[in-house]
Amino acid sequence: MSRLGSVQRKMPCVFVTEVKAEPSAKREHQPFKVLATETLSEKALDADVYNAVATEKVDGTCCYVTNYKGQPYLWARLDRKPNKQAEKRFKKFLHSKESSKAFLWNTEEDFKPVPECWIPAKEIEQQNGKPIPDENGHIPGWVPVEKNSKQYCWHSSVVNYEFGIALVLRHDPDEPGLLEISAVPLSELLEQTLELIGTNINGNPYGLGSKKYPLHFLIPHGAFQVRNLPTLKHNDLLSWFEDRREGKIEGIVWHCGDGCLIKVHRHHLGLCWPLPDTYMNSKPVIINMNLNKYDCAFDNECLFNQFSKIDKQKFDRLKDIILGV
């Protein structure tokens, strides 16, 4: 599969942002909004955002595929966060300073414990071989998703380690306007990050599945390129999000030539998300799930088996797919 940048750290906004003392539409109980100004950020300009590849920002939870136990595994995002005492010190420091850069962390004592199998995200800064917390005081990282994991059961539902496959949504290779759900070898996804979306993820903004028949799958980051974007001006992007069918998305991620990722979210522009009908749901989708090449039978309730029952069927919209019927 073709790949673009890997999401291993928090992405900066394409515009300089400002904080306004108004209730957030993105996070409940947050008494402020982070809004984009009309000025492009230095990070975006330094990364040559004008020549970057623009892609749809998908609303789910970030995952990563890398080796574990000698084979490709799906890993779930797990950030190391400070304990209560350290968080209290950090917040007190932030209130007295403009930047979090000068705060001194003790990475051995200031953070909550994580599982032994936890690994730090690849692109975070390190000092003396140890990861440095980001501006929010977190150390981004990953934990492997074990088979039949209760904590990560929805992650687990989209992979089968026995056959080394993942349930992936992407464009049909022969028909770009058509989406395809298929079983992809995990080996093809090695060192990629992906977004897990579905019924029980982030409030299910795409309206997938149901409580009785939950539906989840993975989307490789950068899979959905955005064509015919307007100029990188605040008002032009705002109009594009509001008026164009292609603008009914959560946001845009620009994959820059140096590997840097730059984003803009609808909320940065004061726009609502989620929406009643998204651009992703306006596209037809085909199921490509022929499991005959695998020797053993799949569990009857697993998503791979459920999709094999509707192999080659085409649906007008993603949220029209109903399993278990």
Side-chain angles (χ1 to χ4, degrees), residues 7-47 49-50 52 54-62 77 79-105 110-111 121 123-125 131-140 195 202-203 205 229-242 247-254 256 260-275:
V7 180
Q8 295 279 348
R9 60 164 69 184
K10 189 175 175 65
M11 293 181 283
C13 182
V14 69
F15 295 106
V16 174
T17 57
E18 61 182 5
V19 176
K20 288 203 171 180
E22 300 172 9
S24 171
K26 184 178 181 183
R27 292 184 175 90
E28 197 176 355
H29 308 306
Q30 181 174 293
F32 60 88
K33 288 180 179 178
V34 179
L35 296 174
T37 65
E38 295 187 3
T39 306
L40 285 173
S41 71
E42 282 189 29
K43 285 185 179 180
L45 293 171
D46 289 344
V49 70
Y50 285 109
T55 69
E56 176 177 348
K57 186 181 186 301
V58 177
D59 188 0
T61 185
C62 194
R77 177 76 178 265
D79 290 1
R80 284 201 73 181
K81 296 180 180 180
N83 55 39
K84 285 185 178 180
Q85 294 85 350
E87 186 176 23
K88 191 175 179 180
R89 284 187 3 251
F90 182 57
K91 285 184 175 178
K92 186 177 180 181
F93 178 86
L94 288 180
H95 284 127
S96 62
K97 304 282 183 181
E98 288 187 0
S99 170
S100 61
K101 287 286 184 184
F103 185 79
L104 296 176
W105 292 100
D110 287 344
F111 290 85
E123 296 175 10
I124 60 173
E125 294 180 49
I132 300 173
D134 61 20
E135 67 271 19
N136 298 309
H138 297 173
I139 305 176
E195 203 77 3
N202 270 14
L229 263 183
T231 56
L232 275 173
K233 293 181 178 177
H234 185 285
N235 287 341
D236 290 344
L237 280 174
L238 179 64
S239 297
W240 182 84
F241 274 112
E242 285 188 306
K248 308 305 179 188
I249 58 178
E250 185 199 18
I252 299 167
V253 176
W254 285 270
C256 302
C260 185
L261 301 180
I262 307 289
K263 73 176 179 184
V264 70
H265 193 289
R266 293 180 69 90
H267 287 132
H268 286 134
L269 303 173
L271 299 174
C272 292
W273 179 265
L275 300 172

Side chains of Ile252 and Leu237: does their closest heavy-atom pair fall under 4.5 Å?
-> yes

Are Val49 and Leu232 side-chain neighbours, meaning at least one heavy-atom pair lies under 4.5 Å?
-> yes

Enter the distance from His138:NE2 to Lys10:NZ here, rounded to the nearest 0.5 Å.
-> 9.5 Å

Below 4.5 Å, heavy atoms only, C-beta onward: do Lys57 and Val253 meet side chain to side chain?
-> yes

Examine distances only and state if a side-chain atom of Asp110 and a backbone atom of Ala86 form a donor-acceptor pair shorter than 3.5 Å.
-> no

Is there a donor-acceptor contact under 3.5 Å from the side chain of Ser41 to the main chain of Pro12?
-> no

Taking all non-hydrogen atoms of both residues, which atom of Ile139 and which atom of Pro133 are closest, and how far apart?
-> CG1-CA, 3.9 Å

With a 4.5 Å heavy-atom cut-off, do Phe15 and Thr39 have their side chains touching?
-> no

Starting from the C-alpha separation in whole Å, work towards a yes-or-no answer on side chain to side chain contact (heavy atoms under 4.5 Å, CB included) for Cys256 and Ile262.
-> CA-CA 8 Å; Cys256 302; Ile262 307 289; 3.9 Å; yes

Least distance between heavy atoms, Leu238 atom then Leu269 atom | CD1-O, 3.6 Å

Side chains of Tyr50 and Leu40: does their closest heavy-atom pair fall under 4.5 Å?
-> yes

His267 side, atom NE2; Cys272 side, atom SG - distance, nearest 0.5 Å = 6.5 Å

For residues Pro140 and Arg77, report the shortest heavy-atom separation together with the two atoms involved.
-> CB-NH2, 3.6 Å

Any sub-3.5 Å donor-acceptor pair from Glu195's side-chain atoms to Gly60's backbone N or O?
-> yes

How far apart are the closest heavy atoms of Gly247 and Phe241, and which atoms are they?
-> O-CD2, 3.3 Å

For the pair Ser96 (side chain) and Phe93 (backbone), establish whether a donor and an acceptor sit closer than 3.5 Å, ignoring hydrogens and angles.
-> yes

Under 3.5 Å, is there a donor-acceptor pair between the side chain of Arg9 and the main chain of Glu123?
-> yes

Between Leu229 and Trp254, is any pair of side-chain heavy atoms under 4.5 Å apart?
-> yes

Could you tell me how the ring of Phe90 sits relative to the ring of Phe103: parallel (under 30°), tilted (30 to 60°) or perpendicular (over 60°)?
-> perpendicular

Do the side chains of Asn235 and Glu38 get nearer than 4.5 Å, heavy atoms only?
-> yes

Over all heavy atoms of both residues, which pair between Lys248 and Trp273 is shortest? Give the atoms and the distance, please.
-> O-CZ3, 4.2 Å

Shortest non-hydrogen contact from Gln8 toward Ala121 | O-CB, 3.1 Å

Would you say the side-chain atoms of Lys88 pair up with the backbone N or O of Asn83, donor to acceptor, closer than 3.5 Å?
-> no

Relative to the ring of His265, is the ring of His268 parallel (under 30°), tilted (30 to 60°) or perpendicular (over 60°)?
-> perpendicular

Does any non-hydrogen side-chain atom of Glu250 lie less than 4.5 Å from one of Pro205?
-> no

Asp134 side chain to Asn136 backbone, donor-acceptor under 3.5 Å | yes

Has the side chain of Thr37 got a donor or acceptor atom that lies under 3.5 Å from a matching backbone atom of Val16?
-> yes

Atom pair NE2 (His234) and CG (Asp236), whose distance is rounded to the nearest 0.5 Å | 11.0 Å

Is the side chain of Arg266 donor-acceptor paired with the backbone N or O of Leu271 at a distance under 3.5 Å, no angle test?
-> no

